[in-house]
Amino acid sequence: VSLILILKPQAKLSLSMQKSSAAAMHLSNIFPLTCVVIITFFPGTSEAFSSNMKIVDSHLHIWSDNKEAFEKDQTPPDNLLTCSTPEALLTEMEKAQVDGALIVQPINFKFDHTYVTDAIKNYPQKFKGMLLHDPSLSPEMAVERLEELVLAGFVGVRFNPYLWSENKLMSEDNSGGLAVYQRCAELQVPVGIMCFKGLGLHFDDIISLIEKSPNTQLVLDHLGFCALNDAGDDAFNLLLKLSKYPNVSVKVSALFRNTGDKDNFPYEMIKKERFDPLLESFGPDRLMVGSDFPFVLETEGGYSGAIKTVKSWLNDDNAKAVLSGTAERLFGKWG
């Protein structure tokens, strides 16, 4: 895209001029007493789309500043107690030019979804929710609870495998987890899985879920928790194997949780050793940006830095999908 400026001779030029093109020569013949400057804008850089590209944060949490509202032994750190409300989040989103967010039910409230439900009701253009599945429920009660929360504005389900009883699997037959996972295919509600202690611990269980309900959309949190170390490298090889399943997507979120002892902000090694291979294997349509607010506030770069870092890794061919397209395809439109 080119912009042609015709300037008076006495005008002060603040832009560097290129050599005259044929078009410039032609215009200078018509307007001999003017100076012709041709400015060309080249697409393909983050600056070219940063001002108008929609951004959806696919992974974050909120909670109140009332310590008495939390589950026992689930009180967040004091320094994150007063900066994690919906209003505090909206301030961070505005500064980072983020248009919408998927709030993942925080463990602080366990299975009481009231706080997140209220936030969705109060800011329906900005927020959607991902509920936390309760593995203690029977299949019938688990599905009933899922349907209630979907009607309340929740568009995804989180499976935290560490909430399951010892030696119990998410994919176990005749269980609430499998019943919910299969019902999610019918409701078109994705299921996110948090492999906090390593993807390898849950890989076979995840494969079983996929095979038992191939139409359910499965999302892996935080780059699959594949840190930059030997164990993380092994887990990452497993993560890449999941790319053969078209219903599996990955959140490019919580980069600070994947640095191991090798990387730090602005996460150049994560880009090279994690993001680039994921982009090649999964494609942009199965990757989505996320921050892990409010925990990201304690890291270098903060909230804006986390979003802008991922944005800087993208070009025009993949930016729309990773920044918002994948999230909106899976969870619905924001705004």
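Counting from 1, the numbers follow the sequence of the chain as shown. Note: hydrogens, waters and symmetry copies are ignored here, and every other heavy atom, side chains too, is used.
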(request) Can you establish whether the number of heavy atoms outside Asn174 located under 6.0 Å from its atom CG is more than 12? (result) no
Next item on the list: Answer yes or no: is there a donor N or O on one side and an acceptor on the other, between the side chain of Asp263 and the main chain of Met269, under 3.5 Å?
Entry: yes
message = Checking the side chain of Ser213 only, and the main-chain atoms of Leu209 only, is there a donor and an acceptor separated by less than 3.5 Å?
response = no
Practice task
Answer yes if the side chains of Ser208 and Ser171 hold a donor-acceptor pair under 3.5 Å, and no otherwise.
Solution key: yes
*Are Lys110 and Asp134 close enough for a salt bridge, meaning some N to O gap below 4.0 Å?*
no
| Does NZ in Lys271 sit with more than 12 non-hydrogen atoms of other residues, nucleotides or ligands closer than 6.0 Å? | yes
Under a 4.0 Å N-O cut-off, is there an ion pair linking Asp57 with Lys251? no
Could you pull out every donor-acceptor pair under 3.5 Å between side chains of residues 71-85 and any protein atom, sequence neighbours left out?
{"residue": "Asp78", "atom": "OD1", "partner": "Lys67", "partner atom": "NZ", "Å": "3.1"}
{"residue": "Asn79", "atom": "ND2", "partner": "Glu298", "partner atom": "OE2", "Å": "2.5"}
{"residue": "Ser84", "atom": "OG", "partner": "Trp63", "partner atom": "NE1", "Å": "3.4"}
{"residue": "Ser84", "atom": "OG", "partner": "Leu80", "partner atom": "O", "Å": "2.6"}
{"residue": "Thr85", "atom": "OG1", "partner": "Ala88", "partner atom": "N", "Å": "3.1"}

Counting neighbours of CZ on Phe196 that are heavy atoms of other residues, nucleotides or ligands and sit closer than 6.0 Å, is the number greater than 12? no
**Request:** Please work out whether the ring planes of His133 and Phe159 are parallel, tilted or perpendicular, with thresholds of 30° and 60°.
**Result:** tilted
Say whether, by atom type as modelled, one donor and one acceptor occur between the side chain of His59 and the main chain of Ser253 under 3.5 angstrom. no
* **Leu218/Ile210 under side-chain contact (heavy atoms from CB on, under 4.5 Å): CA gap, chis, key distance, verdict** => CA-CA 8 Å; Leu218 187 149; Ile210 294 172; 4.1 Å; yes
Check the orientation of His202 and Tyr162. Use parallel for under 30°, tilted for 30 to 60°, and perpendicular for over 60°. perpendicular
*asked:* Are the side chains of Leu169 and Trp164 in contact, using a 4.5 Å heavy-atom criterion?
replied: no
### Query
Taking it one step at a time, do Tyr267 and Glu300 satisfy side-chain hydrogen bond (donor to acceptor under 3.5 Å, both in side chains)?
CA-CA 11 Å; Tyr267 311 115; Glu300 185 178 357; over 6 Å; no
message = A quick test of your reading: do over 12 heavy atoms of other residues, nucleotides or ligands sit less than 6.0 Å from NZ of Lys212?
response = yes
Validation row: Asn318, Leu279 side chains within 4.5 angstrom (heavy atoms): yes
### 4.5 Å side-chain heavy-atom contact, Trp313 and Ile270
yes
Do Trp334 and Ser324 have side chains that approach each other closer than 4.5 Å (heavy atoms only, starting at C-beta)? no
- prompt: Should the heavy atoms of other residues, nucleotides or ligands under 6.0 Å from CD of Glu94 be counted, would the total exceed 12?
  reply: no
Using side-chain heavy atoms (C-beta onward) and a distance below 4.5 Å, is Leu146 in contact with Val157?
yes
inquiry  = Quick test of your reading of the model: are Asp99 and Lys54 salt-bridged, counting only N-O distances below 4.0 Å?
reply    = no
Requested in this report: Could you tell me whether Arg183 and Glu147 make a salt bridge, using a distance below 4.0 angstrom between a side-chain N and a carboxylate O?
Outcome: yes
Taking Lys272 first and then Glu268, would you say they form a salt bridge - that is, a charged N and a carboxylate O separated by under 4.0 Å?
no
Would Arg257 count as a cation-pi partner of Phe225, with NZ or CZ less than 6.0 Å from the six-membered ring centre and within 45° of the ring normal?
-> no
